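To find a chain, count down the sequence lines: A is the first, B the second, and so on, and within it residues start at 1. Values in this document were obtained by computation on a predicted structure and should not be read as measured data.
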Amino acid sequence: MKQILCSITSNAEVMPGIHLMWIEASDIACSAQPGQFITLRCVGFTLRRPFSVHQVGSNNVIASEAKQSHIAFLFKVAGKGTLWLSQRQTGERLDILGPLGEGFTIEPKSKHLLLVAGGIGIAPLVFLMQYASSQHQITLIHGASTAAQLYPFSLAVKKRSKLSPLPKGVQFIPVTEDGSMGQKGRATDILPDFLNWADQVYACGPVDMYKAMAKMSLRAKQSNLKLRKCQVSLEVRMGCGFGACYGCTINTKKGLKHICRDGPVFELDDIIWQEVRI
Amino acid sequence: MRKLPNFRVQLAPRHPKGLILSNPVMIAAGIAGYGIEYAEIADIQKLGAIVCKGTTLMPKKGNAQPRLVETAGGLLNSVGLENIGVDALIEEKAPVWAGWRVPVIVNVAGETIDEYVAVTSKLEGVAGVSGIELNISCPNVSAGGMEFGVDPKLAARVTSAVKAATTLPVIVKLSPNVTDIKEIALAVEEAGADAISLINTLKGMAIDIDQRKPCLGNIVGGLSGPAIKPVALYMVFETAKVVRIPVIGCGGIACAEDALEFIMAGATAIQIGTASLTSPDICLTILEGIEHFMLDNGVENLTDLIGIAQHSAR
């Protein structure tokens with residue numbers, strides 16, 4: 001964990017209202033694990049903004065062999081801080097702190113990984129996919145409101161953009177609420193079809209998606225389906241980002257946890273979902 | 001070669017042992033946890049002192065989420081004194097502090113005078129604890145906390161009870177949510193406080209207009225950050241005028257210039273809170289900035305600057 005000034009190497013709107021930013025940050029690129037995050041200072045604002053590490057790469061191009069020197073994060077312009085960030089230009093420097101928190105974990109015996117992304121929740125799961133695809137079979141269910149809000153994996157190949165391509169062998173299942181691409185509905189609608197296949201489930205998305213999954217988990221215990229070993233990434237407003245200020249505490253079945261330090265990744269079953277108001 | 005400025009300040013001149021800091025820059029309670037988390041990011045051993053989280057007799061869960069909301073130039077928080085309790089602090093944290101060069105001051109909170117006394121008594125003789133900061137100003141708890149800080153008689157009573165229970169220097173942290181902070185300051189000075197720190201946060205709220213409800217889970221919170229600096233500075237200026245014990249200035253300090261304003265207003269030391277959320281190493285930057293100012297202006301002793309703006313104001 002380090003506080004460093006990092007140069008922006010690219011910043012582009014890759015989906016409507018969603019930006020992909022690459023920065024040069026060797027220390028973070030070398031040490032970050034999928035599910036970890038960084039915070040950055042938006043000038044003029046009191047709180048740093050947290051962003052999941054979306055990709056690591058070298059020299060702007062995703063490379064598995066070369067020394068990792070860059071990281072990317074994917075963000076939605078949702079308020080004044082992210083608006084400021086979206087306007088930053090290549091070459092400008094950002095005050096970055098990271099990598100922070102505890103990321104996703106893969107058990108040694110797991111072969112089949114099911115990734116469930118709701119909207120911008122795709123951000124950390126792309127990193128997990130890059131990290132795990134050579135050793136594991138992965139299915140990615142990506143839900144969004146409409147086709148334009150789905151991560152454009154295909155553009156990554158065509159335009160050699162800095163988006164992540166879909167790693168070989170990954171089964172990609174798009175779901176849209178308006179039916180403009182893939183099945184109409186929500187990611188959680190088709191999730192049950194994959195539960196017996198998956199050894200582990202990883203999810204990132206809105207709290208309502210997690211709540212739906214938590215209900216499924218309860219039901220699964222009664223049936224033969226197994227939504228078990230499911231890890232979710234949580235987000236609340238954070239103060240320090242490393243466990244000192246207690247701004248992001250939540251109550252869990254395992255006691256009080258600080259999302260920034262003990263998480264952001266938690267076991268779905270450890271969260272007391274009826275108490276969650278974030 | 002220019003002589004390096006002398007930063008040393010005495011925080012407890014009327015205490016038999018005193019409390020000398022190597023420099024006036026402290027981390028305020030609440031922001032830095034137990035200091036241990038910060039040690040991973042910044043060289044906190046260079047600081048004047050660290051004030052740890054408000055500590056109660058039993059562990060405390062704190063308030064519901066959301067606990068933080070950013071406001072114009074500031075931050076509202078309603079953490080609600082979440083802490084591990086004094087026993088865990090003594091067992092887990094103090095042994096780490098005992099090996100540190102930087103003194104750690106424990107912020108003590110309670111719902112009753114008995115609780116303040118009990119927590120303080122437990123800290124007596126604990127290696128690694130250099131002083132007590134009495135928190136009679138937390139706006140985020142339903143019982144105790146601020147109610148002791150808004151009544152001069154209660155403030156005096158809790159101060160003298162705690163003083164009687166410890167041989168450590170006692171700093172009393174005052175609330176700005178009062179009609180006349182000078183009255184409270186004088187009352188705790190009379191009751192034996194070795195120093196006072198001010199200000200704690202100002203009560204405030206924010207409303208989410210999309211959800212049509214208060215932003216904070218606790219509805220009300222404490223406002224901190226640059227937005228409150230002029231209020232804090234004025235209160236320090238006014239209080240330093242009337243008390244003889246050292247005043248520690250706190251409230252919205254975000255740069256060396258801010259810190260120097262508080263020192264010139266009469267603060268012997270300063271505490272950094274919210275600014276370390278914006279930039280975790282800000283305390284060290286502020287310390288360097290004060291040093292540069294002193295070198296550039298030929299100030300050899302920081303004490304020469306303390307309260308200097310009071311003189312011209314007379």
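Remark: the Glu37(B) side chain and the His258(A) side chain contain no N/O donor-acceptor pair separated by less than 3.5 Å.
Other residues, nucleotides and ligands contribute more than 12 heavy atoms inside 6.0 Å of the CZ atom of Phe242(A). Counting heavy-atom neighbours within 6.0 Å of Glu91(B) CD, excluding the residue itself, gives a total of 12 or less. Counting non-hydrogen atoms of neighbouring residues, nucleotides and ligands closer than 6.0 angstrom, the OH atom of Tyr234(B) reaches no more than 12 such neighbours. Enclosure of atom NZ in Lys211(A) by more than 12 non-hydrogen atoms of other residues, nucleotides or ligands within 6.0 angstrom is indicated. By the 6.0 Å contact criterion, CZ on Arg261(A) is enclosed, its count of non-hydrogen atoms from other residues, nucleotides or ligands being greater than 12.
When atom types are taken as modelled, the side chain of Glu40(B) and the backbone of Lys2(A) share no donor-acceptor pair closer than 3.5 angstrom. A distance-only check finds a donor-acceptor pair linking the side chain of Arg67(B) to the backbone of Tyr246(A) [under 3.5 Å].
Heavy-atom pairs under 4.5 Å with chain B were tallied for Gln3(A), Arg41(A), Arg48(A), Arg237(A); the largest tally goes to Gln3(A). Among Cys240(A), Cys42(A), Gly239(A), the residue with the largest count of heavy-atom pairs under 4.5 Å with chain B is Gly239(A). Of all the listed residues (Gly225(B), Gly62(B), Gly74(B), Ala254(B)), the one sharing the greatest number of non-hydrogen pairs under 4.5 Å with chain A is Gly74(B).
Nearest approach of Ala244(A) to Ala32(B), heavy atoms of both residues: CB-C, 3.7 Å. Across Lys61(B) and Asn251(A), no two heavy atoms sit closer than the pair NZ-ND2, 3.6 Å. Taking every heavy atom of both residues into account, Asp95(A) and Ser279(B) meet most closely at OD2-OG, 4.1 Å.
Using a 4.5 Å heavy-atom threshold, the side chains of Leu47(A) and Leu277(B) count as touching.
Taken to the nearest 0.5 Å, the CG atom of Leu75(B) stands 8.5 Å off from the SG atom of Cys245(A). Atom-to-atom distance recorded for Asp281(B):CG and Leu97(A):CG is 9.5 Å, nearest 0.5 angstrom. In this structure, Leu256(A) CG and Asn83(B) CG are separated by 10.5 Å, a value rounded to the nearest 0.5 Å. Put simply, CD on Gln65(B) and CD on Glu275(A) are 11.5 Å apart, with the number rounded to the nearest 0.5 Å.
For a residue to count as touching a neighbouring chain, one of its non-hydrogen atoms must lie under 4.5 Å from one of that chain's; by this rule Ser276(B) does not touch chain A. Interface residue Ile31(B): only backbone heavy atoms are found under 4.5 Å from chain A.
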